Amino acid sequence: MSNDLLARFNEQEQQRYQKMLRLRERGIEPYPRRAARTHTAQQAIDAFTRGETVQGARLAGRLVSLRDMGKLTFGHLQDGSAKIQLMIRKDVVGADAYAMLLKDFDLGDFIGAEGDVIKTKTGEITLQVARVELLAKTLSPLPEKWHGLKDTETRYRQRYLDLLSNEEARQIFVARSRIVSAMRKFLDEQGFLEVETPVLQSLYGGAAAEPFITHHNKLDQDMYLRIADELYLKRLLVGGFDRVYEISKDFRNEGIDIKHNPEFTMMECYQAYGDYTTMMTLVEGLYAACAHAAQGTLQISYQGNALDLTPPWRRATMRDLILEACGVDIYKETDMTSLRARIEELNLQVERHPTWGKQVDELFSTFAEPTLIQPTFVIDYPEEISPLAKKKPDNPRIVERFEAFAANMELGNAFTELNDPLDQYARFM
RNA sequence: GGGCCGGUAGCUCAAUUGGCAGAGCAACAGCCUUUUAAGCUGUGGGUUCAGGGUUCGAUUCCCUGCCGGCUCACCA
């Protein structure tokens with residue numbers, strides 16, 4: 001090791017380095033090539049719980065706690081599946097191995113442990129260790145065990161530390177993976193074809209957001225990272241596919257907060273020959289499948305709210321929701337003058353907007369949206385704020401569009417696609 | 001981008017009016033055969049985010065910058 005690198009080590013890293021050298025001097029390779037393992041921690045626990053006798057199980061993972069009681073030591077080993085207690089007795093593993101464990105192993109080291117699964121007198125399922133081995137010596141100490149890692153910068157920039165010390169972070173990764181996989185399975189079974197469309201686009205569209213700009217050197221041309229997949233997916237319908245979807249990373253050069261990230265994942269799907277009621281059925285079924293996969297139930301708890309995702313979800317028109325929430329009937333106040341008059345008559349505290357459609361949307365988000373806790377399809381939006389949706393047959397000011405809400409959060413957006421080229425042309429003139 | 005708050009030991013946090021920079025966990029040396037935030041005794045560990053200013057003296061007050069949190073705007 002160069003002196004440069006050694007000098008950068010802090011006290012604890014120096015100590016761990018010395019332990020590693022000691023192990024090597026005794027002929028123990030601190031970084032062996034592979035580890036034989038017969039069970040993950042979860043598999044060992046599950047097998048024992050089922051009543052099976054688990055003997056000579058070989059586990060591998062990080063040593064995450066150690067409680068030395070003299071001739072007996074307890075600890076925990078954590079692998080990708082779970083955490084399991086280790087019980088290490090000096091008289092079982094032998095004096096040399098026991099001393100090595102206590103002197104030269106550190107929290108955070110990857111170790112292999114072989115033994116029988118038992119239950120201690122406090123009832124915890126535990127590996128009674130007959131043999132331990134080092135799988136990889138770590139030089140950096142782990143974050144503190146009790147308070148855990150809280151510094152947000154470290155949690156985000158060194159996500160591996162967050163995963164190691166915060167169980168919730170692990171759970172979120174697992175839930176996310178199950179959700180994405182349930183989404184694929186559900187859509188595949190419904191006859192959708194998964195596709196990938198361009199991330200680098202010469203013209204961006206499908207949403208109203210600032211793009212990230214990059215440059216193609218050989219073409220000497222600026223390109224944009226996509227802000228949405230919509231336009232390319234629709235072209236696949238034109239090309240003859242009836243049902244397509246894409247799970248994609250998209251990029252928006254906008255503000256960052258708890259619900260917004262410049263780089264984010266979304267799913268878009270398009271289905272021919274149906275309308276927005278078809279999509280509502282699809283969406284509630286999709287959420288139900290994802291919730292079942294991630295939580296095993298459709299009764300979920302989110303930020304203090306008990307949510308029931310069981311289909312069918314409530315459907316309510318934007319008009320009725322606004323009327324209930326603040327007493328304005330947007331089907332009566334159909335122009336800016338009468339809408340403003342009604343708002344002033346009721347003395348509503350609401351931000352002003354230049355057009356009727358935007359003013360209606362503002363009334364909705366100010367008064368109606370906060371009331372939407374249980375899953376709800378808000379249907380029938382103003383045409384002005386939905387330029388790609390088909391108009392209602394009986395009301396040209398309103399289009400067949402919905403947004404799904406739950407726990408005051410938007411879950412999705414869809415509409416009966418406008419496929420009349422003359423109407424579409426007229427709307428952009 | 002605006003406003004407010006913050007950055008101190010490996011981690012989580014203290015530090016009175018500007019006056020020797022501390023605790024718990026982690027680490028190190030010990031004791032302990034049923035612990036699980038184990039317990040007990042002892043020890044070491046600091047460029048107080050960076051740079052500048054005021055002062056006899058700055059973690060503390062002022063300025064600039066960097067990074068983060070909350071919030072408003074934008075966006076989904």
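Sequence lines set the chain letters: A, B, ... in the order given, protein chains first and strands last, and positions in each chain run from 1. Only a predicted model underlies this, so the values are computations on that prediction, with no experimental measurement involved.
As rounded to the nearest Å, B/C11 and B/G46 have C1' atoms that lie 15 Å from one another. Going from the C1' atom of B/U48 to that of B/A9 covers 10 Å, rounded to whole Å.
Between A/K90 atom NZ and B/C31 atom C1' there is a gap of 12 Å when expressed in whole angstrom units. As rounded to whole Å, 19 Å separates atom P of B/A26 from atom CZ of A/F105. Following rounding to the nearest Å, A/I227 (CD1) and B/C74 (P) show an atom-to-atom distance of 17 Å. At whole-Å resolution of the value, CG in A/D162 and C1' in B/C11 are 13 Å apart. Atom CG of A/L161 is separated from atom P of B/A26 by 18 Å (rounded to the nearest Å). We find that CG of A/L142 is positioned 13 Å from P of B/U12, with the value rounded to whole Å. Note: NE2 (A/H260) to P (B/C75) measures 9 Å, nearest angstrom. Between A/I88 atom CD1 and B/C32 atom P there is a gap of 17 Å when expressed in whole angstrom units.
In this structure, A/R235 forms a cation-pi arrangement with A/Y232, its terminal cationic atom sitting closer than 6.0 Å to the ring centre and no more than 45° off the ring axis.
Using a cut-off of 4.0 Å between Lys/Arg side-chain N and Asp/Glu carboxylate O, A/K391 and A/E383 are scored as not salt-bridged.
If you check distances only, the side chain of A/Q85 does reach the base of B/U35 with a donor-acceptor pair under 3.5 Å. One can find a donor-acceptor pair under 3.5 Å joining the base of B/A26 and the side-chain atoms of A/Q12. A donor-acceptor contact under 3.5 angstrom links the side-chain atoms of A/T120 to the base of B/U35.
If you find the closest nucleotide of RNA chain B to A/P141 and to A/E410, the one lying nearer the 5' end belongs to A/P141. Taking for each of A/E254 and A/L72 the nucleotide of RNA chain B with the nearest heavy atom, the 5'-most of the two is the partner of A/L72.
Contacts of A/D91 with the nucleic acid, taken as non-hydrogen atoms under 4.0 Å apart, include base atoms. Counting any heavy atom pair closer than 4.0 Å across all strands shown, A/E124 reaches a base atom. Here A/K83 lies out of heavy-atom contact (under 4.0 Å) with every strand. At the heavy-atom level, A/D68 lies under 4.0 Å from base atoms of the strands shown. The residue A/A208 sits close only to the backbone: its heavy atoms come under 4.0 Å of sugar-phosphate atoms, none of a base.
Side-chain N/O atoms of A/T138 and A/R62 include no donor and acceptor closer than 3.5 Å. Looking only at atom types and distance, the side chain of A/S81 has no donor-acceptor partner in the side chain of A/Q42 under 3.5 Å away.
B/C74 is unpaired under the criterion used here, namely a Watson-Crick or G-U wobble arrangement in which both key atom distances are under 3.5 Å. Pairing for B/U64 goes to B/A50, judged as Watson-Crick or G-U wobble with the two contacts each under 3.5 Å. B/C4: Watson-Crick or G-U partner is B/G69, with both key distances under 3.5 Å. For B/A23, the paired nucleotide is B/U12, the pair qualifying as Watson-Crick or G-U wobble because both relevant distances are below 3.5 Å.
Pairing each heavy atom of A/V199 with each of A/F251, the nearest pair is CG1-CE1, 3.8 Å. The two atoms that bring A/Q221 and A/S202 nearest to each other are NE2-CB, 3.3 Å, heavy atoms only. Heavy atoms only, all atoms of each residue included: A/I28 and A/M100 are closest at CD1-SD, 3.2 Å.
When distances are taken from the side chain of A/R67 to each of B/U34, B/U35, B/A76, the shortest belongs to B/U35. Side-chain proximity of A/D106 to B/U34, B/G30, B/C28: nearest is B/C28. Among the nucleotides B/A26, B/U34, B/G10, the one closest to the side chain of A/M87 is B/U34. Set against B/G10, B/U33, B/C11, the side chain of A/P143 has B/C11 as its closest nucleotide.
In terms of phosphate contacts, A/K121 brings no side-chain nitrogen or oxygen within less than 4.0 Å of OP1 or OP2 of B/U33.
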